[in-house]
2 protein chains.
Amino acid sequence: MNNPSTQCNECPQIHVHKPLTDACATCSLRTLCVPGGIPATDLAKLDNLVSMRKRIKRGEYVFRVGDDFNSLYAVRAGFFKTRITSTDGRDQITGFQVPGELLGFEGVATEQHGVDAIALEDSEVCILPYTDLERIAREFPPLQHQLHRIMSREIMREHNVMLLLGTMKAEERVAAFLLNLSERYRHLGYSSVEFVLRMTRQEIGSYLGLKLETVSRTFSKFHEQGLIEAQGKQIKLIDMGQLRQLINANKQVLS
Amino acid sequence: MNNPSTQCNECPQIHVHKPLTDACATCSLRTLCVPGGIPATDLAKLDNLVSMRKRIKRGEYVFRVGDDFNSLYAVRAGFFKTRITSTDGRDQITGFQVPGELLGFEGVATEQHGVDAIALEDSEVCILPYTDLERIAREFPPLQHQLHRIMSREIMREHNVMLLLGTMKAEERVAAFLLNLSERYRHLGYSSVEFVLRMTRQEIGSYLGLKLETVSRTFSKFHEQGLIEAQGKQIKLIDMGQLRQLINANKQVLS
DNA sequence: CGTAGCCTTGAGATGCATCAAGCATTGTGG
DNA sequence: CCACAATGCTTGATGCATCTCAAGGCTACG
């Protein structure tokens, strides 16, 4: 797995890839992804981290619940959702992933993937074989620590989603969602004010614990109040200050 | 930190501890905790993992949001909650921890703790200095992998809480909560049928995204229906099968 | 043994879900 | 390239689950 080949193991019939060398060292996302915080002079040590890259078309799966866990996947381009389904058929979207973020950590514990990972637009991922990753992390402490940071950050993110789902009203949830997306786009160097939603109202609702009608109504309400402009998936944030105040609505009441 | 001393660094005024040797190898929780899955013959390699132990009285904190992150804490005895507080004062309990479980992972990312960890009864934790842990994990792959498994399991657990908070009704949440506690007690070798709740209705509600009155009413309803017996914190599960069916309520509708 | 925190239950309010209908957008095959 | 089907979005009307407010009883801890 750690020797890049001209043949993609995971999709032999479809894609052919060139050997990857210096995948991370030459990647424009290097500061935002796994190599983040690792000195540029040491990036050569990550040379065998990425075995290959794979294109994922809109609607296709990177992996499904129950698939054997072999690798993590770093989003190189595009947009993904991860989804868990209960035994009785209820769906919950557990996250949306943008370039630089990792997919698949939930599979380490059971050696099977625990979520479906689905592309919301034509995308590309870097495949990081997990046994290689553990080996390189043992030999190279900064990578070890960075891996732990990434998992820890995911745990913190989920704590915040739990806070949102457990305590916030619909308006607060939608405002928090928009501001979070905005911040992540800013971080990637895109506009934090104007962007296109990659997901449907139904998917936003699934993530936020709301029905699609409630998401739609909330967008309309924000529009009327002059907080955003929303026509379909095109979003423009007009008054981010007030959106932030919405999330802290409780503070007003207490003071 | 990795040389056990007769003086506890973290609470010098209060507690004095004996040097710890073979803390994990001789611990009755060894199969359920960090050493889980590591061959007994190799447990000596974990000898320096636990720098010391610390008693935490009911209501006391192991750490608070914003505290410097230095160590993980393994629950050796007792019962804990972890709690996140939003900027405007809303609380969300993010988990309850029983013996064998770890506290503190959320602090790795920012080097500050991201939750409050509070004892719900008089308890004891093992202190695992984090730099030691990373070093030993590099030298001893089974520990490295076990650490990753534990973090991954926490991520999966939180996915399931998100599903609960995002899609389930009050009755379903409470049933899921009781069955989850039951299962964890069973795993520890305690009765899975009869147990004492360590937390208040308000804390259960905070974890489940419900108000305490709703939790109370749901307990009463289950009692009337003969699913449980509940008098205050003493709980007895009478019909676990039906509690399980409650969680899968959707399936009935679909079939 | 007293008191503060915890729990239960009721009545009424409300925020979101549900059901329904029509419109908009997107993608596809003729 | 257009037409139309499928999917996604908006908006309205209604219902219901849960919250809120309130009061009284219970428990347990100091």
Side-chain angles (χ1 to χ4, degrees), chain A residues 57-60 81 90-93 118 120-122 164-175 177-178 196-225 228-235 246 249-250 253-254, chain B residues 57-60 81 90-93 118-122 164-175 177 196-225 228-235 246 249-250 253-254:
Chain A
K57 290 225 185 88
R58 183 145 85 101
E60 288 181 353
K81 67 174 176 185
R90 281 182 265 217
D91 276 358
Q92 173 74 28
I93 288 181
I118 302 163
L120 294 181
E121 63 181 19
D122 293 356
L164 178 146
L165 291 171
T167 73
M168 289 185 170
K169 295 194 190 294
E171 281 186 31
E172 300 165 343
R173 295 182 197 197
V174 174
F177 170 77
L178 289 173
V196 174
L197 296 176
R198 255 58 242 217
M199 71 294 283
T200 66
R201 303 289 190 263
Q202 130 76 24
E203 287 166 334
I204 297 170
S206 171
Y207 184 58
L208 298 179
L210 301 170
K211 293 294 162 183
L212 69 94
E213 294 94 327
T214 304
V215 174
S216 177
R217 275 187 245 273
T218 306
F219 278 179
S220 299
K221 189 167 179 187
F222 285 174
H223 200 158
E224 287 164 25
Q225 296 174 339
I228 67 173
E229 277 170 22
Q231 23 212 2
K233 303 205 154 155
Q234 185 71 42
I235 296 287
L246 262 181
N250 258 10
V253 178
L254 292 174
Chain B
K57 291 225 184 87
R58 183 146 87 101
E60 288 182 353
K81 68 175 176 184
R90 281 182 264 217
D91 277 358
Q92 173 74 28
I93 288 180
I118 302 164
L120 295 180
E121 62 181 16
D122 293 355
L164 177 146
L165 291 171
T167 72
M168 290 185 169
K169 294 196 192 291
E171 283 186 30
E172 300 164 343
R173 295 182 196 196
V174 174
F177 170 77
V196 174
L197 296 175
R198 256 55 242 220
M199 71 294 283
T200 66
R201 304 288 191 263
Q202 130 75 24
E203 286 165 334
I204 297 170
S206 171
Y207 183 59
L208 298 178
L210 301 170
K211 292 294 162 182
L212 68 96
E213 295 95 328
T214 304
V215 175
S216 177
R217 277 187 243 273
T218 307
F219 277 179
S220 299
K221 189 168 179 186
F222 285 174
H223 199 159
E224 287 165 26
Q225 296 173 339
I228 67 173
E229 278 170 20
Q231 23 212 5
K233 304 203 154 157
Q234 185 70 43
I235 296 286
L246 262 181
N250 258 10
V253 178
L254 293 175

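These numbers come from a predicted model, not from an experiment. FYI, side chains are in, hydrogens and waters are out, and symmetry mates aren't considered; it's all heavy atoms of this structure. Order of the sequence lines sets the chain letters (A, B, ...), proteins ahead of strands, with each chain counted from 1.
- Distance from the side chain of A:Ser216 is smallest for D:dT10 among the nucleotides C:dA17, D:dC19, D:dT10.
- Remark: the backbone N or O of B:Lys233 is not paired with any side-chain donor or acceptor of B:Arg198 at under 3.5 angstrom.
- For a distance-only test at 3.5 Å, the side chain of A:Arg201 fails to qualify as a donor-acceptor partner of the base of C:dT25.
- Regarding contacts with the backbone of D:dT27, every side-chain N or O of B:Lys233 stays at 4.0 angstrom or more from both OP1 and OP2.
- Counting to the nearest Å, the P atom of D:dT18 and the CZ atom of B:Arg173 are 7 Å from each other.
- Nucleotide D:dC29 holds its C1' atom 16 Å from the CD atom of B:Glu121, rounded to whole Å.
- Remark: P of C:dC7 and CE of B:Met199 are 11 Å apart, rounded to the nearest angstrom.
- Phosphate proximity of C:dA17 to A:Thr214: present, with a side-chain N or O under 4.0 Å from OP1 or OP2.
- Using a 4.0 Å heavy-atom cutoff across all strands shown, A:Gly209 reaches sugar-phosphate atoms only and no base atom.
- Nearest-nucleotide assignment on DNA chain D puts the 5′-proximal partner with A:Gln202, out of A:Gln202 and A:Lys169.
- Close to C:dT9, at under 4.0 Å from its OP1 or OP2, lies a side-chain N or O of B:Ser220.
- If you check every strand for non-hydrogen atoms under 4.0 Å, A:Leu212 touches a base.
- Note: CZ (A:Phe219) to P (D:dT11) measures 13 Å, nearest angstrom.
- Side-chain contact between A:Ile204 and A:Phe219 is present, with at least one heavy-atom pair separated by less than 4.5 Å.
- Within 4.0 Å (heavy atoms only), B:Gly59 reaches no atom of the nucleic acid at all.
- Side-chain N/O atoms of A:Glu213 and base N/O atoms of C:dC19 include a donor-acceptor pair closer than 3.5 Å.
- In this structure, B:Arg58 reaches the D:dC29 phosphate: one of its side-chain N or O atoms is under 4.0 Å from OP1 or OP2.
- Between the P atom of C:dG10 and the NZ atom of B:Lys221 lies a distance of 14 Å, rounded to the nearest Å.
- If you measure from atom CD of A:Gln231 to atom P of C:dT25, you get 9 Å, rounded to the nearest angstrom.
- Proximity of a side-chain donor or acceptor of A:Gln92 to a complementary backbone N or O of A:Ser206 within less than 3.5 Å is detected.
- With rounding to whole Å, B:Lys211 atom NZ is found 16 Å from C:dT14 atom P.
- Contact of the B:Gln202 side chain with the B:Val215 side chain is not registered, since no non-hydrogen atoms from C-beta on lie closer than 4.5 Å.
- The base of C:dG15 has none of its N or O atoms less than 3.5 Å from a complementary donor or acceptor on the side chain of A:Arg217.
- Atom CG of B:Leu246 is separated from atom P of D:dA17 by 14 Å (rounded to the nearest Å).
- A donor-acceptor contact shorter than 3.5 Å is absent between the side chain of A:Arg201 and the backbone of A:Glu213.
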